Novice: 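Take a look at this one; I'll ask things after.
Keep in mind it's a predicted model, so treat the numbers as computed, not measured.
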Amino acid sequence: MPGVRMENDGPLRPVEPPADGFLKVRGGVGGIGFQFEELLAGANALDGVVQKLDAVVMEADAVRRELFLSELQAYTSGDPAIVAVGAGVQEVARVRDAIRKTGEQVRASYREYEYTEAWNAIALRVGLFHPPQLEAGMLFVGGAGTHLGDRDRAEHLVAQAPLIVGSLLGSAIPGHLWGTVTALLAGQTDVRAILRAIVAVPELAHLKPRPVTVQKVSTRQETVDTSLAGLLGRDELDRAGEGEITVIQVPQDEKGNKSASVVLIPGTQHGNPPGGSNPIDEGGIFDALGYDSAYLTPAIRKALLDAGATAGEQIVAVGHSQGGVHAMNLAANKAFLAEFNLKYVVTAGSPVGGIKPEPEITSLHLEHSQDWVPGCDGVPNADTKDRVTVTLENPVRTPDGEEPGLGPGHKLKNYTEGAELVAASHDPSLMASTAALAGVLGTGGAAAVTGAKRPKPTVTRFKLTREAMPVAPPPPQRERPRIPENRSEAGWR
């Protein structure tokens, strides 16, 4: 478990967890944020102790003063008593001052932490870490096949300027509209505002989110590996059909009367054209990052209900890339949370730093140092007890002959391998997070889920379809004036 240390009699500081191979862990019970929560709670408790010791010092000093009167009557016995009580008062006061100093050191350390975080946020926004031109020039520097997309540089750039327009959306914006979009985004640093400004352009209205319908495609029972790596490695997440999501109902008892549901949401699927019928195409990025999944969340809710989920059922949401943003938005949607008990969210390569989940929802975010996509919202993930971010730092490359896509760091296969490292880790934050997942779905692995008597999980695929663009009514036809055929009709005589 995390602890504290004191350097040169200075402020108490949280202890950074030791390195864990290729895993860089932030947040959770071993994170700095939670350590400070615990330290501040301890400092508040010490304040109560200090107040009690203040009262003891005052009462003991009052006794010492009373003894001065008895000294007049019994000099030989009164003097030693006065000395003994005075020494006791001094000792209690010394302990009180030491405890007060400890509390002050904790608060001083926290103020320093807050100041550093605020300064970093300002420096990030104004480009003091590195000039934007340098960051942009180094974003995709790497050897053949590495397609190095630096996650931190992407976050720095998006915080300074709307890089998301050209990088994340790709061909969604026609080239002839770049001038219009660039003018609209001048000075913008908030991704949500950027995306809403883009769809406000009449020629890009097809990218604005629209209602989504849900249709059941298939249902089957099968053995399911509900471990972290098992869920991320499923074909429904990596090679899903166009616009498809999957709901897995995992029985929680032998009769199957009680279950927990897992919803799998794939990453961006290229639309033809973007903003067409597939709600998980490039246009879905606008719904996810710009509109808090306002239209995909109701579709996920309906899919869960159609799969057999009941009100109050425990839910695990798993998503890759864009799908992870939709999954995390569920954790901040009050209407969804009023109906279902969302317990756990897993994202892989997803920009979710700007999403603030409701309390008591555990989330695990897998990122890769060579994957720029998680940084394209320009906001780092919060460091809290229930929110853990794992950055994979092992070098990866695209195999010869394969399309690089968004880079090897963004491949779901690499994140699945990273999930196996997470499961084997002894980091306290990761152990607590994976234990929370196991608490909902079981300890992981096919045998643990199905058991000898427990029914097999039910896997249901759903096809999501975005409604067509409304057809604008034709402009009213103006009645053309009738030209007189002769002078008589024209009023001539």
Side-chain angles (χ1 to χ4, degrees), residues 149 158 162-185 188 191-215 217 236-245 265-300 303 319-326 329 349-351 372-373 376-377 402-407 410-412 461-475:
V158 176
L163 174 69
I164 189 172
V165 176
S167 57
L168 186 60
L169 301 178
S171 60
I173 300 176
H176 70 278
L177 292 176
W178 277 83
T180 302
V181 171
T182 302
L184 280 172
L185 303 184
Q188 291 280 9
V191 168
R192 180 187 177 92
I194 289 172
L195 296 176
R196 290 187 173 227
I198 290 174
V199 298
V201 178
E203 294 89 343
L204 298 175
H206 62 284
L207 297 175
K208 188 173 183 178
R210 304 190 297 276
V212 176
T213 60
V214 181
Q215 181 181 2
V217 175
E236 295 94 338
L237 204 60
D238 193 23
R239 292 181 289 275
E242 183 176 317
E244 289 187 2
I245 64 172
I265 313 170
T268 302
Q269 302 170 336
H270 294 297
N272 189 21
S277 62
N278 184 356
I280 316 177
D281 66 0
E282 293 87 348
I285 298 171
F286 290 88
D287 188 20
L289 289 173
Y291 291 83
D292 307 322
S293 303
Y295 290 95
L296 205 73
T297 293
I300 294 172
H320 173 230
S321 195
Q322 177 192 152
V325 185
H326 291 301
N329 278 332
S350 305
W372 58 269
V373 175
C376 71
D377 60 348
E402 285 191 14
E403 290 294 327
L406 297 178
H410 194 62
K411 297 287 186 181
L412 188 57
R461 291 167 44 230
F462 293 91
K463 167 82 169 179
L464 308 186
T465 304
R466 184 188 288 129
E467 289 187 0
M469 282 282 293
V471 179

Novice: Which residues pass the side chain to side chain contact (heavy atoms under 4.5 Å, CB included) test with A205, sequence neighbours left out?
Specialist: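 Checked A205 against side chain to side chain contact (heavy atoms under 4.5 Å, CB included); matches are M469.
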Novice: Among all residues two or more places apart in sequence or in another chain, which pass the salt bridge (charged side-chain N to carboxylate O under 4.0 Å, His left out) test with E242?
Specialist: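 Partners of E242 by the salt bridge (charged side-chain N to carboxylate O under 4.0 Å, His left out) criterion come out as none, since no residue qualifies.
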Novice: With sequence neighbours left out, what residues match D238 under salt bridge (charged side-chain N to carboxylate O under 4.0 Å, His left out)?
Specialist: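 For D238, no residue satisfies salt bridge (charged side-chain N to carboxylate O under 4.0 Å, His left out) once neighbours in sequence are set aside.
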Novice: For G290 and L195, which heavy atoms make the closest approach, and how far apart are they?
Specialist: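 Of all heavy-atom pairs spanning G290 and L195, the closest is N-CD1, 3.6 Å.
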Novice: Hey, are the side chains of I280 and I245 touching, using non-hydrogen atoms and a 4.5 Å cut-off?
Specialist: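 I280 reaches I245 side chain to side chain.
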Novice: By side chain to side chain donor-acceptor pair (under 3.5 Å), which residues pair with R461, not counting sequence neighbours?
Specialist: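 Checked R461 against side chain to side chain donor-acceptor pair (under 3.5 Å); matches are S218, E244.
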Novice: Do the side chains of F286 and L204 get nearer than 4.5 Å, heavy atoms only?
Specialist: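 SC-SC contact between L204 and F286 ruled out.
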Novice: From I285 CD1 over to L207 CG, what is the distance, rounded to the nearest 0.5 angstrom?
Specialist: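 With rounding to 0.5 Å, CD1 (I285) is 9.5 Å from CG (L207).
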Novice: I want to check something: taking the side chain as every heavy atom from C-beta on, are P351 and V325 in contact at a cut-off of under 4.5 Å?
Specialist: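 The answer is yes, as the side chains (C-beta and beyond) meet within the 4.5 Å cut-off.
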Novice: What's the spacing between L289 CG and I194 CD1 if we round to 0.5 Å?
Specialist: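 Taking CG in L289 and CD1 in I194, the distance rounds to 10.5 Å.
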Novice: Say whether, by atom type as modelled, one donor and one acceptor occur between the side chain of T213 and the main chain of T465 under 3.5 angstrom.
Specialist: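 Confirmed, T213 side chain pairs with T465 backbone.
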Novice: Can you name the residues that form a salt bridge (charged side-chain N to carboxylate O under 4.0 Å, His left out) with R196, not counting sequence neighbours?
Specialist: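 Counting only residues at least two positions away or on another chain, R196 forms no salt bridge (charged side-chain N to carboxylate O under 4.0 Å, His left out).
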Novice: Quick check: closest heavy atoms across G267 and S321, and the distance to 0.1 Å?
Specialist: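 It is CA-CB, 4.0 Å.
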Novice: Return the set of residues passing salt bridge (charged side-chain N to carboxylate O under 4.0 Å, His left out) with D281 (not counting sequence neighbours), or none when no residue passes.
Specialist: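 Testing D281 for salt bridge (charged side-chain N to carboxylate O under 4.0 Å, His left out), a comparison that skips the adjacent residues, returns R466.
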Novice: Side chains of I300 and F462: does their closest heavy-atom pair fall under 4.5 Å?
Specialist: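 The answer is no; the side chains never approach within 4.5 Å.
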Novice: Got a sec, which residues hit side chain to side chain contact (heavy atoms under 4.5 Å, CB included) with P211, two or more places apart in sequence or on another chain?
Specialist: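 P211 satisfies side chain to side chain contact (heavy atoms under 4.5 Å, CB included) with Y295, E467 only.
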Novice: Hey, does D287 have a side-chain heavy atom less than 4.5 Å from the side chain of P279?
Specialist: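 Of all side-chain heavy-atom pairs linking D287 with P279, none is under 4.5 Å.
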Novice: Would you find a donor on one side and an acceptor on the other, under 3.5 Å apart, between the side chain of E282 and the backbone of G271?
Specialist: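 A pair under 3.5 Å: yes.
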Novice: Nearest 0.5 Å please: distance from the CD1 atom of I265 over to the OG atom of S293.
Specialist: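 I265 CD1 to S293 OG: 7.5 Å, rounded to 0.5 Å.
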Novice: To the nearest 0.5 angstrom, please state how far the CG atom of L296 sits from the NE2 atom of H326.
Specialist: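 One finds 4.5 Å between CG of L296 and NE2 of H326.
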Novice: For H320, what residues pass the side chain to side chain donor-acceptor pair (under 3.5 Å) criterion, not counting sequence neighbours?
Specialist: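 Expected list: none.
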Novice: Applying side chain to side chain donor-acceptor pair (under 3.5 Å), name anything that partners N278, two or more places apart in sequence or on another chain.
Specialist: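 N278 satisfies side chain to side chain donor-acceptor pair (under 3.5 Å) with Q269 once adjacent residues are dropped.
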